[in-house]
Enquirer: 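One structure, as structure tokens, below. Some questions next.
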Amino acid sequence: MKTNAEIAAALDELGDLYELDGAVSYRVIAYRTAAKAVRDSSVSIMGLTREGKVTSVPGIGKTLEEKLRALDETGDIPSAVKLRAKFPAGLVEMTKLPGFGAKRARQLHDALGVDTLEGLRALAEQGEVRKVKGFGPKGEENLLKALAAHEERGGEPEPRVVLSRALPIALEIAEALRAHPASDQVEVAGSARRWGDSVKDIDIIATASDAKALVDTLAGLEIVESVSQSGEAGARAVTHSGMKVDLKVVAPDQFGNVLQHFTGSKAHNVQLREAMVRRGLHISEYGVLDDETGETTRCATEEEVYERLGLPWIPPELREGRGELDAALKGELPQLITLDDMRGDLHCHTTLSDGRNTLEEMVAAAQARGYEYLAITDHSASHGFGNHVTPEQLEARIDEIAALNERLDGFRVLAGTESNILPDGTLDYPDELLERLDWVIGSIHTSFGMDESAMTERMLTAINHPWLDAIGHPTGRKIETRPPYSIDMARVIEAAAANGTMIEINSAPDRRDMNDVYARAAAAAGVTILIDSDAHGAETLANLRYGVATARRAWLTAAQVANTRPLDEFLQLRKRGRSSSATT
DNA sequence: GCCGTTTTCGGCCCGACTGTTTTCAGTCG
């Protein structure tokens, strides 16, 4: 069965092909919207298609339902097959070149008969492209530049950077700008403000008594390599690490409009504007135009922007076009979890396996963060990276932790493990040992290549293990570097909800696994969510903020997350805590 | 191609930039 990612790619491709074919733009947009809806869906779109329910997904109607049926039954969509014969793959690649879209690709194809990037470059070098109507010397030059850049990246799309690399840069720059006496307000906008998994660039919006002074400050920062397009309105900079930074200096009375606009997401803004056009309001980065009065309202704060639209302020993490407008209109926005709600961390490592700090050091760091409890979950007997913990070592660790707890006041260390889920779904410690522990996380670290049904069965077997309390990083993805392994998360969620197994949001910034979409679905299905740092050192306990951010993007409240609870309540939420209320 | 406090047709977000155009189309965020 096709995955949502594969279906989304198929719909995007069909949109590209229809665009090359000259379809009306709204039809093309419909395919792109549908592709996004499929990508954002936590349930299997093919499953819904087979059940005849797929048109309940916003953006998918009768026509697309038919195409999804064909895709399921024949493995392809007939119209895509037909259009691919008409427009070779090279032509679709052309539309992806920066500055080039379907119209210009089609023009070149029709005028020059070219349908590969190599052929196009040859013609551009011979000066043939400038003769095409609509192109000139500049167009040809830009095409050659785009082709060279494309080649340099090996045909890959523009890279995105994991948030944890971009955020410190963004905050450092914002801090430096705030420190300048000419600055007034300085805020990071864009996907960094929405705490997305990764970002393309950094947007900073500011107000200042002297815009030029702010631009100069940016240009003078040590981390900044170069600045271009600098002027009164702002500048674009590139850091030595290759991060693009856009600074916009705006008038104080429209700071709210600009911040709202550049925080996005695009989907959120489009939905917001479409909804407000029906009320005669036109939103732009400059203000809100009222058809009735013909007047444009400028807003100094973002709260005023939303208020002008009759809405409560919407937290940036929710602005992804995933139902937040409806919820805001109905006054049903969730009270999102915050980092301050967290009372413990249930997944970390010590020097016993591959951590950098000792048991005592990790506990001290957790206490310093104001936690009430910490579970020590070193890797298990078959970890396989030379850092495994034998059953004997783990038994000694249990005693060590018991002794440590004797000395601690108002803090509890839980003896745990991050046990490997073996390919057959079993854990790699004897049951008697797992039973003696306070806490067991099961994670998959090997055999990522299993097919979806085998991988799902493997996970379900683990979920049904009586001493497994929680599943760690359930999809195995690494943001921007490794896709998730094939697994039916809908079934995993259903099984976990059925027998009270918790599912983790792993906060390692390149994991954030499960992701926001699955976490929202899991919580809705009644799964108890856990947010863990997976710290391998005292300092990375602080990574929990990335997991909390994912939880916020999943619409979660504190009540839906196990480790916001006081120790006793948390212990009761464990499978073993429910089967016997006794605590060790 | 989707969708509905303008419901089954006729709409569908907003503005900047670029390069080419003699009034604007294409692309981007």
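Values reported hereafter were calculated over all heavy atoms of this structure, with side chains retained and with hydrogens, waters and symmetry mates removed. Numbered from 1 within each chain, the chains take letters A, B, ... in sequence-line order.
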Enquirer: Just checking, is any N or O donor in the side chain of A/Ser228 or A/Arg236 under 3.5 Å from an acceptor N or O on the other one?
Expert: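 Checked: A/Ser228/A/Arg236 side chains show no N/O donor-acceptor pair below 3.5 Å.
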
Enquirer: Give a yes or no answer on whether the side chain of A/Glu140 reaches the backbone of A/Arg130 with a donor-acceptor pair at less than 3.5 Å.
Expert: yes

Enquirer: Going by the rule ring pair (Phe, Tyr, Trp, His ring centres under 6.0 Å), which residues pair with A/Tyr18 if we only count those two or more places apart in sequence or in a different chain?
Expert: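 Listed in chain order: A/Tyr31.
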
Enquirer: Which atom pairs, one a donor and one an acceptor, fall under 3.5 Å between side chains of residues 152-166 of chain A and the rest of the protein, sequence neighbours left out?
Expert:
residue: A/Arg153; atom: NE; partner: A/Glu156; partner atom: O; Å: 2.8
residue: A/Arg160; atom: NE; partner: A/Ser198; partner atom: OG; Å: 3.0
residue: A/Arg160; atom: NH2; partner: A/Ser198; partner atom: O; Å: 2.8

Enquirer: Please list residues of residues 264-271 of chain A whose heavy atoms come under 4.0 Å from any atom in DNA chain B, ordered by number; otherwise none.
Expert: A/Lys266, A/Val270

Enquirer: Does anything in residues 30-47 of chain A come within less than 4.0 Å of DNA chain B? Heavy atoms only, and list the residues if so.
Expert: A/Ala30, A/Tyr31

Enquirer: For residues 41-50 of chain A, which residue pairs pass the side chain to side chain donor-acceptor pair (under 3.5 Å) check, not counting sequence neighbours?
Expert: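 Passing the test, one end in residues 41-50 of chain A: A/Arg50-A/Asp72.
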
Enquirer: Regarding A/Thr55 and A/Lys62, do their side chains bring together a donor and an acceptor under 3.5 Å, going by distance alone?
Expert: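 Side chains of A/Thr55 and A/Lys62: no pair found under 3.5 Å.
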
Enquirer: Is it the case that over 12 heavy atoms from other parts of the model lie below 6.0 angstrom from the CD atom of A/Glu6?
Expert: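 Counting neighbours around CD of A/Glu6, more than 12 heavy atoms of other residues, nucleotides or ligands fall under 6.0 Å, so yes.
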
Enquirer: Which letters describe nucleotides 19-25 of chain B, given B = protein heavy atom under 4.0 Å from base, S = only from sugar-phosphate, - = neither?
Expert: SS-----

Enquirer: For A/Val24, give me all partners under side chain to side chain contact (heavy atoms under 4.5 Å, CB included), at least two apart in sequence or on another chain.
Expert: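 A/Val24 satisfies side chain to side chain contact (heavy atoms under 4.5 Å, CB included) with A/Arg27 once adjacent residues are dropped.
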
Enquirer: Would you tabulate the nitrogen or oxygen pairs shorter than 3.5 Å linking the protein to nucleotides 15-17 of chain B?
Expert:
residue: B/dA16; atom: OP1; partner: A/Tyr286; partner atom: OH; Å: 3.2

Enquirer: Sort me out a list of protein N/O and nucleotides 3-12 of chain B N/O pairs below 3.5 Å, or just none if empty.
Expert:
residue: B/dC3; atom: OP1; partner: A/Gly59; partner atom: N; Å: 2.7

Enquirer: Is A/Glu66 salt-bridged to A/Arg69, cutoff N-O under 4.0 Å?
Expert: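 No, this pair does not count.
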
Enquirer: Tell me the ring-ring contact (aromatic ring centres under 6.0 Å, His included) pairs involving residues 191-243 of chain A, sequence neighbours left out?
Expert: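 Qualifying pairs: A/Trp195-A/Tyr546.
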
Enquirer: Does A/Glu93 have any side-chain hydrogen bond (donor to acceptor under 3.5 Å, both in side chains) partners at least two apart in sequence or in another chain, and if so, which?
Expert: none

Enquirer: If you count the non-hydrogen atoms of other residues, nucleotides and ligands that lie under 6.0 Å from CD in A/Gln335, is the total more than 12?
Expert: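 No, not enclosed.
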
Enquirer: How would you label the contact of A/Ala102 with the nucleic acid (heavy atoms, under 4.0 Å): base, sugar-phosphate, or nothing?
Expert: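 Result for A/Ala102 = sugar-phosphate.
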
Enquirer: So, A/Gln260 and A/Thr263: side-chain donor and acceptor under 3.5 Å apart, yes or no?
Expert: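 Per modelled atom types, A/Gln260 and A/Thr263 side chains form no pair under 3.5 Å.
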
Enquirer: Under the rule for side-chain hydrogen bond (donor to acceptor under 3.5 Å, both in side chains), what residues qualify as partners of A/Glu317, not counting sequence neighbours?
Expert: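 side-chain hydrogen bond (donor to acceptor under 3.5 Å, both in side chains) list for A/Glu317, sorted by chain: A/Arg552.
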
